Amino acid sequence: SPPYAMTNFTAQTWENRIGDMPYYYEDPTIIGFLATHQPSVWMGDYGYVSLMPQTGKDVKTAANERAMKFSHKDEKATPYRYSVVMQSNEGKVKGEITASARCALMRFTFPGKGMQRIIVQGINLDPSKTDFCNRYDRRLKTLRGWMKVVPEKNEIIGYNPDRQSDPFGPEMPNFNGYFVIRFDKPIKGFGTWSDNCVYRDKNEQTGTRMGAFAEFDAAGKAVTVQVATSFISIEQARENLAKEVPGWDMEQLATTTRNAWNKVLGNLTVEGATPDQAAIFYT
């Protein structure tokens, strides 16, 4: 993301919550590419949405089932761009992210065999992760995420009302994190899922741990994805996308975000420092 962004985009190795980050360096697998609003490890996420590429015949929805192994030697991370190569049963899958303040471009390059699928998770209330500061009783009773696949527009839209800090704050009945997800390849197959149940050809879903999926004819090719977020409405997410990421050029967006970081960091110049000292200072 650029400096002062509303939404941050990151590879996800862990189901984040209060006290847990979405990415742990020691983890061996990636479970998603996350649009997150978690401000620190001590606070919960809110209005999040995640995407994960997938190969193979069966639709795998649970985080541990859709996880792919990766090595840090196949990973590149900068403030303006991220990429990683993951291993599926059918071959290597590459994931890339670059982002603006509220939107992102993601690109998933698939192997030359197997089904090409992108799983979207719009809300993740996992009671197995409960503890004294992550309580689910009221959230499970009152919160419902919503998602809809729109094949004719190559889109998935939805909202997520979850706030992981909900037990510690006032009720916010009108809160939602809205998102618009648009693909550059035609959707050839689709469906939704809730908990462990998959509903092929169903285009609309509500629930507390649910999402949707889209399938493509992209063997050996890449699918580029626009991801737009808003706390106002789906229409506002579309407007954010039109303003910030109107096209599909990852190189251009990465350059714009890199320049934004250099402008901020360029306000101060360090002299007489080792490269490690300079990195610590600018961080």
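What's counted below: heavy atoms across the whole structure, side chains too, no hydrogens, waters or symmetry copies. All values derive from a computational prediction rather than experimental measurement.
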*Please say whether more than 12 non-hydrogen atoms of neighbouring residues, nucleotides or ligands are located less than 6.0 Å from CD in Q252.*
no
_Main-chain N/O of T229 paired with N240 side-chain donor or acceptor, under 3.5 Å_ = yes
*Is there a donor in the side chain of E75 and an acceptor in the side chain of Y82, or the other way round, less than 3.5 Å apart?*
yes
*For K94, does the NZ atom sit with more than 12 other heavy atoms under 6.0 Å from it, leaving out its own atoms?*
no
*Determine, step by step, whether E215 and F213 satisfy the side-chain contact (heavy atoms from CB on, under 4.5 Å) criterion, reporting the C-alpha distance in whole Å, the side-chain angles of both residues, the deciding distance to 0.1 Å, and the verdict.*
CA-CA 7 Å; E215 295 172 334; F213 63 90; 3.9 Å; yes
*asked:* Testing the 3.5 Å rule here: is there a donor-acceptor pair between the side chains of Y23 and D27?
replied: no
*Side chain of Y48, backbone of N124: donor and acceptor closer than 3.5 Å?*
yes
*Can you check whether D131's main-chain N or O pairs, donor with acceptor, with R135's side chain at less than 3.5 Å?*
no
*Do other residues, nucleotides or ligands put more than 12 heavy atoms under 6.0 Å from E171 CD?*
no
*asked:* Has R117 got a side-chain atom pairing as donor or acceptor with K57's backbone, closer than 3.5 angstrom?
replied: yes
_Any non-hydrogen side-chain atom of V150 less than 4.5 Å from a side-chain atom of N203?_
no
*asked:* Is there a side chain to side chain donor-acceptor pair (under 3.5 Å) between D184 and W248? Walk through the geometry before answering.
replied: CA-CA 8 Å; D184 74 335; W248 301 91; over 6 Å; no
*Check whether any side-chain N or O of Q38 sits under 3.5 Å from a backbone N or O of M43 as a donor-acceptor pair, and report yes or no.*
yes
*Using modelled atom types only, decide if a donor and an acceptor are shared between the side chain of S88 and the backbone of G91 within a distance under 3.5 Å.*
yes
_Aromatic contact between F183 and F216, with the criterion being ring centroids under 6.0 Å apart: yes or no?_
yes
*Taking it one step at a time, do L105 and V225 satisfy side-chain contact (heavy atoms from CB on, under 4.5 Å)?*
CA-CA 6 Å; L105 282 176; V225 190; over 6 Å; no
*Would you say H37's side chain and G44's backbone share a donor-acceptor pair under 3.5 angstrom?*
no
_Within this structure, what is the CZ-OH distance for the pair R163 and Y46, rounded to the nearest 0.5 Å?_
10.5 Å
*Do other residues, nucleotides or ligands put more than 12 heavy atoms under 6.0 Å from K221 NZ?*
no
_Atom pair CD/NZ of E96 and K76 - distance to nearest 0.5 Å_ = 9.5 Å
*If we only count heavy atoms from C-beta on, is the R182 to R238 side-chain gap below 4.5 Å?*
yes
*Got a sec, which pairs hit ring pair (Phe, Tyr, Trp, His ring centres under 6.0 Å) with one end in residues 88-109, sequence neighbours left out?*
F33-F108
*Would L34 and V93 show up in the same hydrophobic cluster when neighbours are defined by side-chain heavy atoms closer than 4.5 Å?*
yes
*Under 6.0 Å from the CH2 atom of W146, do we count more than 12 heavy atoms belonging to anything else shown?*
yes
_Side chain Q164, main chain N16, donor-acceptor under 3.5 Å_ = yes
*Q277 side-chain N/O to T274 backbone N/O, donor-acceptor pair under 3.5 Å*: yes
*Shared ILVMFWY cluster between I187 and V120, side chains joined below 4.5 angstrom?*
yes
*asked:* Quick check on K60: does its NZ atom have over 12 non-hydrogen neighbours (other residues, nucleotides or ligands) under 6.0 Å away?
replied: no
*Sub-3.5 Å donor-acceptor pair from the side chain of N267 to the main-chain atoms of V264, do we have one?*
yes
*For the residue pair F175 and F231, does the interplanar ring angle fall in the parallel (under 30°), tilted (30 to 60°) or perpendicular (over 60°) class?*
tilted
